[in-house]
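For reference, the structure is listed below as structure tokens.
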Amino acid sequence: MRITCQDCSVSFHQRTGRPARRCTACRGKYDAAFRKLRDTTKAAAVGTPCRRCGRPMDDPAAMDLGHDDATGEVAGWEHAQCNRSAGARKGNAMRRGTAAQAAVPASRPPKPDDGRNWAWCDVTGEWCPSSGVW
């Protein structure tokens, strides 16, 4: 199957599986930097609150370095279950044809300005304290 990369518009061939959005070169650019950031910050994130639910993360094997769907920027450490559930919700919305609604962030109240790190929590729909480790 011939597919066009959404980043560089190069056509590439994929034999099996779910159609990829990016060619190998574009995936590699993101993955290398992401893996380096993940590997260097994971140990410091153990015990900090999850970006999505706010509960502490105690098991390094059950942690993901999440990103903001709207910007694509790294957003912070999350429980693997919280991160993957959010991805499943987005994918299900896309399959239902409500992707435009799912991708548009709801209007958010202003971020608290008390000197702490804050991150928007998609699960609770409010600003949650963040570890700032990412």
Side-chain angles (χ1 to χ4, degrees):
M1 158 184 346
R2 298 296 301 171
I3 302 172
T4 303
C5 176
Q6 72 178 20
D7 289 347
C8 66
S9 301
V10 170
S11 179
F12 64 97
H13 180 75
Q14 180 176 339
R15 289 186 186 181
T16 61
R18 188 174 83 196
R21 294 185 198 162
R22 295 178 178 87
C23 65
T24 306
C26 290
R27 281 192 310 245
K29 286 185 226 173
Y30 176 76
D31 288 344
F34 187 80
R35 280 194 307 263
K36 182 178 179 183
L37 181 64
R38 182 192 63 202
D39 294 343
T40 58
T41 61
K42 189 170 197 170
V46 174
T48 61
C50 171
R51 182 184 79 88
R52 292 192 186 267
C53 71
R55 294 185 325 245
M57 298 178 292
D58 299 325
D59 181 9
M63 292 168 45
D64 285 346
L65 185 56
H67 68 278
D68 186 327
D69 289 329
T71 65
E73 297 291 322
V74 173
W77 284 97
E78 308 167 350
H79 290 109
Q81 182 178 359
C82 294
N83 184 29
R84 296 170 194 179
S85 294
R89 279 192 302 277
K90 182 180 176 187
N92 291 338
M94 290 174 70
R95 282 185 287 285
R96 283 193 305 267
T98 57
Q101 296 170 357
V104 176
S107 111
R108 299 177 181 171
K111 186 188 292 190
D113 187 21
D114 61 1
R116 295 190 306 176
N117 290 320
W118 292 88
W120 183 256
C121 180
D122 294 328
V123 175
T124 63
E126 61 189 9
W127 290 103
C128 299
S130 172
S131 65
V133 178
W134 58 80

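Keep in mind that what you see is a predicted model, and the values were worked out from it rather than measured.
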The test is side chain to side chain contact (heavy atoms under 4.5 Å, CB included); show your working for Val10 and Thr4 and say whether it passes. CA-CA 6 Å; Val10 170; Thr4 303; over 6 Å; no
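- Considering every non-hydrogen atom in both Val46 and Pro60, the closest pair reads CG2-CG, 3.8 Å.
- In terms of modelled atom types and a separation under 3.5 Å, the side chain of His79 and the main chain of Pro56 share a donor-acceptor contact.
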Between Glu78 and Met63, does the side chain to side chain contact (heavy atoms under 4.5 Å, CB included) criterion hold? Intermediate values first, please. CA-CA 6 Å; Glu78 308 167 350; Met63 292 168 45; over 6 Å; no
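- In this view, Asn83 and Asp64 satisfy the side-chain hydrogen bond (donor to acceptor under 3.5 Å, both in side chains) rule, not counting sequence neighbours.
- Side-chain contact check for Arg95 and Asn92: at least one donor-acceptor pair (N or O, by modelled atom type) lies under 3.5 Å.
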Just do the side chain to side chain contact (heavy atoms under 4.5 Å, CB included) check on Trp77 and Cys50 with the steps written out, would you? CA-CA 6 Å; Trp77 284 97; Cys50 171; over 6 Å; no
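- Rounding to the nearest 0.5 Å places NE2 of His67 at 9.0 Å from CZ of Arg51.
- Within a 6.0 Å sphere centred on CG of Asp113, heavy atoms belonging to other residues, nucleotides or ligands number 12 at most.
- Put simply, the side chain of Ser85 never gets that close to the backbone of Cys82: no donor and acceptor are under 3.5 Å apart.
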